[in-house]
Amino acid sequence: MATFALVDCNNFYASCERLFQPRLRERPVVVLSNNDGCVIARSNEAKLLGVGMGAPMFKIRKLVAEHDIAVCSSNYALYGDISERVMTVLGASAPSHEIYSIDECFLDLDRLAVPSLTDWCRLLRERTRRWTGIPVSVGVGPTKTLAKLANRLAKKSAKAGGVLDLVHHPAWIEAALRKTPVGDVWGVGRRWTVMLEERGIHTAHEFANAPDGWVRQRMGVVGLRTVHELRGFVCHALEDQPSPKQTTCCSRTFGAAIREKSQVHDAVMSYSERVAEKVRHAGQVAGAVQLFIRTDPFAQGAPQKSLSGSATFHRPTSDTREISAAVLRIFDRIWRAGYDWRKAGVLLLDLGMPGDTPASLFDRIEAPDDGLMSAIDQINARYGRGTARLGLAQKDGEWRMRRENLSPSFTTRWTDIPSARLT
DNA sequence: TCTGGGGTCCTAGGACCC
DNA sequence: TCTGGGGTCCTAGGACCC
């Protein structure tokens with residue numbers, strides 16, 4: 001039988017914040033989204049106090065003050081670096097692994113010959129904690145979907161000790177399915193939860209026993225795969241070779257609503273620069289670009305508008321100058337005055353490797369490269385992002401995001417390295 | 001006052017072809 | 001008056017994930 005493990009970091013962002021700020025270990029912690037908008041991670045204590053996932057900050061201010069909850073702006077430089085450390089430990093421990101997200105990793109344990117898989121998982125857990133400082137939970141199942149489900153129960157149950165193996169205890173599978181609400185199944189989101197519950201399907205067990213034809217009709221092949229995985233048939237294999245991205249994007253909600261064209265222009269140019277850096281970093285080029293701007297959907301009564309436009313490159317590129325010029329043309333074409341713009345984004349589409357496919361037989365000419373982009377990238381790699389820029393936008397503006405409680409980049413910036421003093 | 005960002009996959013429908 | 005069948009490609013939108 002196939003044996004998948006899912007290793008999931010507990011309250012990952014909150015755990016990262018606590019790593020270098022021991023004072024936070026005695027307080028409930030929440031981490032906020034960009035712009036300090038809403039809650040995206042909570043320590044166990046914060047969960048117990050009733051802070052909901054995704055709760056907007058302005059709705060929990062009272063709770064924060066009452067219980068002295070520590071509030072952190074999100075610090076992705078820190079989380080990304082800690083994630084790499086965790087993945088390194090996990091990757092070195094198992095025959096093969098798939099990094100699924102910043103805080104999750106699937107392991108393929110088929111070929112692992114150990115007397116007790118549960119003991120092995122406990123050791124892995126302990127090793128990860130000692131070597132990285134991050135607590136993790138491990139779920140083991142015959143499919144990825146069941147490994148996810150096992151992981152969730154491993155986290156919830158005190159007696160599981162952070163590990164639950166359903167492969168070597170097949171009798172537990174039915175009980176696990178019965179106690180899992182259908183909405184907590186991997187692949188069943190909000191809309192499908194409502195639809196399923198309306199039809200009397202409340203648990204993973206009931207979902208697993210729904211008729212194939214019905215599931216196929218209501219939820220397509222995606223839903224059917226989930227049902228089969230719950231029954232123990234593998235539909236999602238371990239993907240240990242990460243596939244190259246097809247699109248990449250830089251989008252932000254502005255720090256405030258903006259009416260002025262020049263301000264939106266600056267935001268859009270800044271995102272163009274950033275997204276171009278991203279594709280160059282991945283060694284890719286883009287075939288097309290898309291720009292969108294939109295008003296605030298939460299502003300009731302205000303006129304709503306969402307505009308977008310796209311352009312195809314004559315020859316795939318990763319050059320900030322070509323990308324920003326194309327974005328600027330789109331921007332001038334779609335811009336409408338008189339709205340309170342709140343968010344914008346630049347997407348690069350049809351990504352590929354340079355020289356992959358010539359646009360036509362007559363278009364084999366290599367992109368002229370004057371070395372400017374790589375020079376800028378090298379300067380920024382050494383001295384920090386944004387050191388060298390193209391002067392496409394003003395440095396500051398209303399559109400810049402708020403991050404009022406940002407922790408230092410303890411592990412990725414020399415000046416932020418924590419120091420310890422012996423007294 | 002104040003509600004994130006970055007992805008993937010699938011499907012339906014239209015344009016177009018023979 | 002009469003108006004097929006089958007295929008591909010593209011795009012927009014909707015579902016999901018973290």
Side-chain angles (χ1 to χ4, degrees), chain A residues 6 8-9 11-13 30-41 51-62 64 71-76 79-80 83 98-106 144-145 148 151-152 182-196 215-226 229 235-236 239 242-257 271 274-275 278-279 282 287-288 290 292 294-300 302 306 308-310 312 340 342-351 398 401-404:
Chain A
L6 177 68
D8 190 322
C9 300
N11 317 324
F12 183 54
Y13 298 166
V30 299
V31 179
L32 301 180
S33 64
N34 284 338
N35 273 317
D36 294 341
C38 57
V39 174
I40 55 171
V51 180
M53 187 65 172
M57 185 55 199
F58 73 91
K59 283 190 182 168
I60 61 163
R61 269 191 212 290
K62 206 171 140 216
V64 164
V71 176
C72 304
S73 301
S74 38
N75 182 347
Y76 288 102
Y79 313 150
S83 172
E98 171 191 343
I99 297 171
Y100 177 66
S101 74
I102 195 165
D103 70 334
E104 284 169 279
C105 186
F106 284 107
K144 282 183 169 180
T145 306
K148 279 280 240 185
N151 186 290
R152 180 180 159 280
V182 72
D184 286 339
V185 172
W186 186 43
V188 179
R190 276 218 320 275
R191 307 298 287 268
W192 282 355
T193 303
V194 172
M195 187 277 290
L196 290 167
V215 175
R216 173 71 181 83
Q217 200 213 328
R218 309 290 314 202
M219 307 169 73
V221 295
V222 179
L224 193 57
R225 273 182 211 138
T226 296
E229 284 241 321
C235 299
H236 302 293
E239 288 166 32
S243 47
K245 277 198 190 112
Q246 302 164 27
T247 67
T248 197
C249 157
C250 176
S251 72
R252 294 279 183 282
T253 301
F254 307 143
Y271 303 163
R274 176 76 195 110
V275 79
K278 280 167 89 170
V279 282
Q290 189 186 338
F292 73 84
R294 67 150 214 238
T295 51
D296 184 354
F298 295 102
Q300 289 148 356
S306 178
S308 73
S310 59
T312 304
D340 288 321
R342 192 64 208 284
K343 181 173 180 170
V346 177
L347 291 80
L348 292 179
L349 318 168
D350 297 335
L351 301 186
E398 290 282 288
M401 65 181 173
R402 292 187 302 273
R403 297 159 97 186
E404 283 168 12

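Everything numeric here is computed off the predicted structure, so don't read it as measured data. All values below were derived from every heavy atom in this structure, side-chain atoms included, with hydrogens, water molecules and symmetry-related copies excluded. Below, read A as the first sequence line, B as the second, and so on, with proteins coming before strands; counting in each chain starts at 1.
- One interatomic measurement links the two molecules: CG of A:Leu348 to P of B:dG6, which rounds to 12 Å at whole-angstrom precision.
- Using a 4.5 Å cut-off on side-chain heavy atoms (C-beta onward), A:Val275 and A:Leu348 make contact.
- The nucleotide whose nearest atom lies closest to any side-chain atom of A:Lys59 is, among B:dT3, B:dG4, C:dC17, B:dT3.
- OP1 or OP2 of B:dG5 lies within a sub-4.0 Å distance of a side-chain N or O belonging to A:Lys343.
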Point to revise | side chain to side chain contact (heavy atoms under 4.5 Å, CB included) between A:Glu404 and A:Val71, worked out | key: CA-CA 9 Å; A:Glu404 283 168 12; A:Val71 176; over 6 Å; no
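- Of the candidates B:dC2, B:dT11, B:dC9, B:dC9 carries the atom nearest the A:Arg225 side chain, counting heavy atoms from C-beta on.
- In this structure, NZ of A:Lys144 is placed 14 Å from C1' of C:dC18, rounded to the nearest angstrom.
- Distances shorter than 4.0 Å separate none of the side-chain N or O atoms of A:Arg61 from OP1 or OP2 on B:dT1.
- Distance, A:Glu98 CD to C:dC18 C1': 13 Å, rounded to whole Å.
- In this structure, the nucleotide among B:dG4, B:dC10, C:dC18 sitting nearest to the side chain of A:Ser101 is C:dC18.
- Salt bridge absent: A:Glu229 and A:Lys148 never bring a charged side-chain N and a carboxylate O closer than 4.0 Å.
- With respect to A:Glu98, the side chain to side chain contact (heavy atoms under 4.5 Å, CB included) criterion is satisfied by exactly one of A:Glu104, A:His236, A:Glu239: A:Glu239.
- OP1 and OP2 of B:dC2 both lie 4.0 Å or more from every side-chain N or O belonging to A:Lys62.
- Side chain of A:Asn35, nearest nucleotide from B:dG5, C:dC18, B:dC2: B:dG5.
- Using a 4.0 Å cut-off on heavy atoms, the residues of residues 244-257 of chain A that approach DNA chain B are A:Lys245, A:Gln246, A:Thr247, A:Thr248, A:Cys249, A:Cys250, A:Ser251, A:Arg252, A:Thr253, listed by number.
- When both distances must be under 3.5 Å, the Watson-Crick or G-U wobble mate of C:dT8 is B:dA15.
- The interatomic distance linking A:Asp350 (CG) with C:dC9 (P) rounds to 15 Å, in whole Å.
- Both A:Cys38 and A:Arg216 sit near DNA chain B, but only A:Cys38 has its closest nucleotide nearer the 5' end.
- Between A:Tyr13 and A:Tyr79, the two ring planes are parallel [angle under 30°; tilted spans 30° to 60°].
- Look at the C1' atom in both C:dC17 and B:dG4: the space between them is 15 Å, to the nearest Å.
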